[in-house]
There are 2 protein chains.
Amino acid sequence: MNMELYKSFYYTAKYGNISKASEHLYITQPAVSRSIKQLEEELKCPLFFRTSKGVILTPEGEILYQYVDQAFSFITTGEKKISDVKNLLYGEIRIGVSDTLCKHYLIPHLKLFNTLHPAIKIHVICPTTPGIINLLKSGKIDFGIINLPYNDEQLNFKSIMEVQDCFVTGQKYKSLSRKAQPLSTIIQHPLLLLEKNSNSRLFIDQYFKTNSVSVIPDFELGNIDLLVQFAKYDFGIACVIKNFVEEELEKGRLFEVKPIEKIPSRHIGVTWLKNVPLSPAAKEMISNLEYFETTEF
Amino acid sequence: MNMELYKSFYYTAKYGNISKASEHLYITQPAVSRSIKQLEEELKCPLFFRTSKGVILTPEGEILYQYVDQAFSFITTGEKKISDVKNLLYGEIRIGVSDTLCKHYLIPHLKLFNTLHPAIKIHVICPTTPGIINLLKSGKIDFGIINLPYNDEQLNFKSIMEVQDCFVTGQKYKSLSRKAQPLSTIIQHPLLLLEKNSNSRLFIDQYFKTNSVSVIPDFELGNIDLLVQFAKYDFGIACVIKNFVEEELEKGRLFEVKPIEKIPSRHIGVTWLKNVPLSPAAKEMISNLEYFETTEF
DNA sequence: TCATAGATATAACCTGCCTTTATAACAGAT
DNA sequence: ATCTGTTATAAAGGCAGGTTATATCTATGA
């Protein structure tokens, strides 16, 4: 059954007038006239009484119209929703992000995004980096926020923030912060590092390796907040992202222990599937991420 | 927006596979492929992820599909309803008919029709003959059942039963029933006739006029049942339709007074608008009417 | 690693349907 | 009687959309 015929039927029924319908359809009257005739033939059923003032639905036409009318309003709302999606008036974004980045980077940003686009629903899930990659590839999230570098053929990456790792400590080892220390000195103190499954830990391990030191941390913790807490309570020297502890350093609650061998800076990035187009909402959020300033503790 | 595109979209989404969709649409795969592309262009929005195993709806496509799916099932049920109407599995019939014809002719027929077509709703309205004509012309009823003859350019008529008027009486005037009486004798007794607004009354008045008698009835009643009751209670001689009082005559509760001047037979007929096609259900009922036997009191 | 199967995309061609044009027929209204 | 607005009909023509042929991609299995 040709759906185009129903378009003629719909407008003709709506206006009770084939000529009016043809105007709204931007085609000529005979075209509509014939479409209706064709529909009537295919349904084997007259749908309109023809009069000299227009047309009137037959009882059968009336019945059909009830359904066709509904059908068309569904199509129309469907199209409206799609246009809303494009205009960020409707939609949802699913984000995968680690605990730390969620707290220190994403949350403040989400707050802004939400005030700009209140109709967009946002889901956040906080697994490890490999978990994020899996969720991405199985289509469960739109994009992930991870620590770079990361290599994957199927993924796009975009740096959204440059971060600098650093060593921090509490009162007990404050003296070390007076001047830069050789890495070999630093590692003689108790060390607080992230757990082995994190990308950040891989990065810092690489740094130790590059500088030919072998490290066995005294504590391996799940996120930066815990590292900071342990450092404050003088359990040792923690390796954390400096950008996220600036306030603690300024207010003298933590002290930076600078190694002579500089830790290279690295990047936080957003990543998404190459072969899958992003939704307009996700695109919008990603494009905003890079311009956004992180906040402190 | 071209509705045909949604047909391709619908089947492709349903089967997650453009090739499968093309089979169901009885067109080739590139045709469907292009239709979808066109729809995506018109909505300015990708609707499917293409994979090597088929296609998967994008989030926007998913949203659209919810609406399109609904729309299509409305169209489908609409078409189903129309087919039901044709097969007398759905529909309604609105009938205009006088009290008397309703009781003695129509009701028994409706009972049969209803057992044959239980899904058809039937509305009966019982106005006078002019009322029936008005309802017809204003589209409020599908057909009327009236006493013929009746003349109207806009109407079709079809005789469905031949009826014979007759004079009947109770015990009091029983003696008149022994042999045929001259009309002049009959009218010297109290007469019971229908009210002046009825077609039947016009007919019998015409009969009196033809036979050059002038009649002033003692009672003018609204329907045949009342005439029969009054006759039984010896109020006089009633003029009624013989077909509807056969049982009363047989059982000796009424007696026929035969006039020498025979009353011409007349017809009950069904009438409907010329320029408006009848619904299948109405057509079916009308075609059955003529074959149906009337019942007695 | 290569070949295969099954999916979609692309390009060119061409056909048939649908639109347009032009006209008739009809009903009300002026 | 004429004019206006309605639908129906017939003929002609153009283009939307279908077909054919081919490319490309990706899993899958030998």
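Chain A is the first sequence line, chain B the second, and so forth, proteins listed ahead of strands; every chain is numbered from 1.
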Under 3.5 Å, sequence neighbours excluded: what are the donor-acceptor pairs made by side chains of residues 40-48 of chain B?
unit_1, atom_1, unit_2, atom_2, d
B:Glu40, OE1, B:Arg50, NH1, 3.4
B:Glu40, OE1, B:Arg50, NH2, 3.1
B:Glu40, OE2, B:Leu47, N, 2.7
B:Glu40, OE2, B:Phe48, N, 3.3
B:Glu40, OE2, B:Arg50, NH1, 2.9
B:Glu42, OE2, B:Gln38, NE2, 3.3

inquiry  = Can you list, in residue-number order, the parts of residues 27-34 of chain A that come under 4.0 Å of DNA chain C, counting heavy atoms only?
reply    = A:Ile27, A:Thr28, A:Pro30, A:Ala31, A:Arg34

ask   = Which ones in residues 8-25 of chain B lie close to DNA chain C, meaning a heavy atom under 4.0 Å from one of its atoms?
value = B:Asn17, B:Ile18, B:Ser19

request  = Rounded to the nearest angstrom, tell me the gap between atom CD in A:Glu40 and atom C1' in D:dT7.
outcome  = 12 Å

key: Separation of D:dG18 P from B:Lys37 NZ (nearest whole Å)   = 15 Å

task = Using the heavy-atom set of chain B and a strict 4.0 Å cut-off, write down the first and last nucleotide of DNA chain C that makes it in, 5' to 3'.
result = C:dA7 to C:dT10

Sequence neighbours left out, what passes salt bridge (charged side-chain N to carboxylate O under 4.0 Å, His left out) with [X]? Give chain and number order.
X: B:Lys158; value: B:Glu290
X: A:Lys140; value: none
X: A:Glu4; value: A:Lys7
X: B:Arg201; value: B:Asp205, B:Glu220

For [X] and [Y], indicate whether the former's side chain and the latter's backbone hold a donor-acceptor pair under 3.5 Å.
X: A:Thr271; Y: A:Asn156; answer: yes
X: B:Asn147; Y: B:Ile268; answer: no
X: A:Thr77; Y: A:Ser73; answer: yes

Between protein and nucleotides 26-30 of chain D, what N or O pairs are separated by less than 3.5 Å?
unit_1, atom_1, unit_2, atom_2, d
D:dT26, O4', B:Ser52, OG, 3.4

request  = Go through the structure and list residues passing ring-ring contact (aromatic ring centres under 6.0 Å, His included) with A:His24, not counting sequence neighbours.
outcome  = A:Tyr15

request  = Could you list all the salt bridge (Lys or Arg N to Asp or Glu O under 4.0 Å) pairs where at least one residue sits in residues 59-70 of chain A, not counting sequence neighbours?
outcome  = none

task = Identify which one of A:Lys86, A:Lys80, A:Lys81 satisfies the salt bridge (charged side-chain N to carboxylate O under 4.0 Å, His left out) criterion when paired with A:Asp84.
result = A:Lys80

inquiry  = Any non-hydrogen side-chain atom of B:Phe72 less than 4.5 Å from a side-chain atom of A:Met3?
reply    = yes

Distance-only criterion, 3.5 Å: show the donor-acceptor pairs between side-chain atoms of residues 120-128 of chain A and protein atoms not counting sequence neighbours.
unit_1, atom_1, unit_2, atom_2, d
A:His123, NE2, A:Glu92, OE1, 2.8
A:Thr128, OG1, A:Gly131, N, 3.4

